[in-house]
Amino acid sequence: MRGSLAAAPAALPVPRPAEEPAEPTDPSAAGPTGGESPTAAEWAAAVAAIKNLPADATVLLACHVTPDGDALGSVLGFGLGLRRLGCRDVRASFPGPPEVPEPFRTMPGLDLLVPADQAPTDPDLMLCFDAASAGRLGELADRMGPTTIVLDHHASNTRFGGIHLVDPTAAATSVVAERLLEMLGVELDAEIAECLYIALVTDTGSFRFDMTTPAVHHLAARLLATGIAPAEISRRIFDSRPFGAVRLFGEVLGRAELEPSVAGGLGLVWTYATLDDLARFQQRPYVLEALIDAVRCAEEADVACVVKQVGEQEWAVSMRSKGGVDVARVAVALGGGGHRLAAGFTGRGTAQEVVAAIRRELNAQRPEDQG
Ligand code: AMP
Ligand code: MN
Ligand code: MN
């Protein structure tokens, strides 16, 4: 016989457990610069700012450039929630080319999206998601007015905007977004849940990473109870790519380098992919996002990097750590940001020059500095 949870009707709501929040309170879990969870006053200010909106107010939701599952899922899930509250003019956007990566093209709420150059210039309320600094909002940063709510989970958040809901102990920005929706009295439905679930599985690496707390699983249970299809979602988001991308991965992984002596002997594994690689295999840049998960498997290295060409002399760098190195520090030193175990920056020069800068920075950080 199957377990009773598996047999439960899909629509059975899972209550938020009384003991929540069960997020870690150890400040060392918060990342390189520590950081506090939002205060009751900050939550109250955000709730009031939204509840006081007239139904015809213009609301703009924005997330970081080249949005990932957490950025898009949080924006769209929250945007749908605002619609359920009766907001009639809700628009969502992200900076840069308005192309939604293929795996996200069936997400609920995509009709909320407008290209950045069509985003309202003077919204009554702006909400920013998963962006640690105003710079990550690109051209949308200048849409921020006096009422801007920042929902994020980066310890490195610069506290831009007006109302800060920044929780470095949250596994994903969607955890913060769901809490605010709950405070606003928005009930989870399957469309909102699918967006928030995509965000949650993206940033927890499908519940494998270190922020996967009991509260994360409780949230996942509430989202699944709306009837969403986790296997189908995971296949679409993580386990599906064109055959050309499979062959491209073979080539790019085949040129990976292992440097065991870097970072005081903790080791670095890295590879790069060029625009020419993408062209030869006729692939869109989004397919490269999954590469880091293959590279970081190399057990001989604590740090993994993928250097992805985005322009003539410009590279988007993904870095991951198994725990020995705080890669957010490395990324911040090189002009980017992120979390202790997952971070990134934009590199300039050749791929070899970008890797040389990473190597230098990794060697400069003393092991006792690492969290
Ligand atoms: P990614 O490797 O693109 O999945 O990014 C991992 C994490 O690094 C993201 O969640 C961001 O927090 C951060 N990140 C990536 N690229 C940048 C960047 N150019 N500037 C600041 N933070 C970044
Ligand atoms: Mn993100
Ligand atoms: Mn995130």
Side-chain angles (χ1 to χ4, degrees), residues 30-33 35 62-78 94-96 101 103-104 128-138 141 150-158 160 165-178 195-205 209-212 216 237-238 270-273 285-296 303-308 310-311 314-321 326-348 354 357-358:
T33 55
C63 64
H64 65 71
V65 66
T66 50
D68 50 27
D70 188 27
L72 259 188
S74 298
V75 156
L76 298 181
F78 200 86
F94 53 85
F104 301 133
C128 308
F129 295 81
D130 205 36
S133 64
R136 296 279 284 160
L137 297 171
V150 173
L151 294 88
D152 188 30
H153 66 132
H154 290 90
S156 62
N157 188 287
T158 60
F160 71 97
L165 300 181
V166 179
D167 189 350
T169 70
T173 294
S174 66
V175 173
V176 182
E178 192 269 346
C195 294
L196 299 181
Y197 187 80
I198 287 170
L200 193 63
V201 289
T202 297
D203 270 27
T204 60
F209 299 160
D210 68 341
M211 297 274 207
T212 308
V216 163
I237 303 290
F238 304 117
W270 62 274
T271 192
Y272 66 93
Y286 81 84
V287 302
L288 299 175
E289 297 309 305
L291 259 178
I292 188 68
D293 288 318
V295 176
R296 70 183 172 82
V303 180
C305 286
V306 175
V307 178
K308 296 163 280 191
V310 291
E314 195 173 317
W315 306 80
V317 180
S318 284
M319 289 190 291
R320 300 290 184 270
S321 162
D326 179 348
V327 285
R329 277 171 178 266
V330 176
V332 167
L334 295 170
H339 309 281
R340 200 169 65 81
L341 304 182
F345 68 97
T346 301
R348 319 234 169 236
V354 172
I358 296 167

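We count ligands from 1, going down the list as the structure has it; atoms in each ligand are counted the same way.
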- Query: What N/O/S atom of H153 is the closest to the Mn ion (ligand 3)?
  - Reply: NE2
- Below 2.8 Å, any N, O or S contact between D70 and the Mn ion (ligand 3)? yes
- Query: Backbone or side chain, does C63 get an N/O/S atom under 2.8 Å to the Mn ion (ligand 2)?
  - Reply: no
- Restricting to heavy atoms, the pick from H339, R320, E289 nearest atom 4 (O) of ligand 1 would be R320
- Note on the structure: Numbered in order shown, the ligand 1 atoms found under 4.0 Å of a heavy atom of S318 are 1 (P), 2 (O), 3 (O)
- Query: Restricting to N, O or S atoms of D68, which is nearest to the Mn ion (ligand 2)?
  - Reply: OD2
- Message: Regarding H339 and D203, do their side chains bring together a donor and an acceptor under 3.5 Å, going by distance alone?
- Response: no
- Query: Does ligand 1 have a heavy atom under 4.0 Å from the side chain of H154, from its backbone, from both, or from neither?
  - Reply: side chain
- Item | Residue D130 atom name (nearest to the Mn ion (ligand 3); N/O/S) | OD1
- Query: Could an N or O of ligand 1 be found under 3.5 Å from any N or O of G336, whether backbone or side chain?
  - Reply: no
- Query: Measuring from the heavy atoms of T346, does anything fall under 4.0 Å of ligand 1?
  - Reply: yes
- Message: Using a plain distance cutoff, I'd like to know if D68 has any nitrogen or oxygen under 3.5 Å from a nitrogen or oxygen of ligand 1.
- Response: no
- Item | the Mn ion (ligand 3) contact by D203, N, O or S atom under 2.8 Å | yes
- Query: Would one find an N or O of M319, backbone or side chain, under 3.5 Å from an N or O of ligand 1?
  - Reply: no
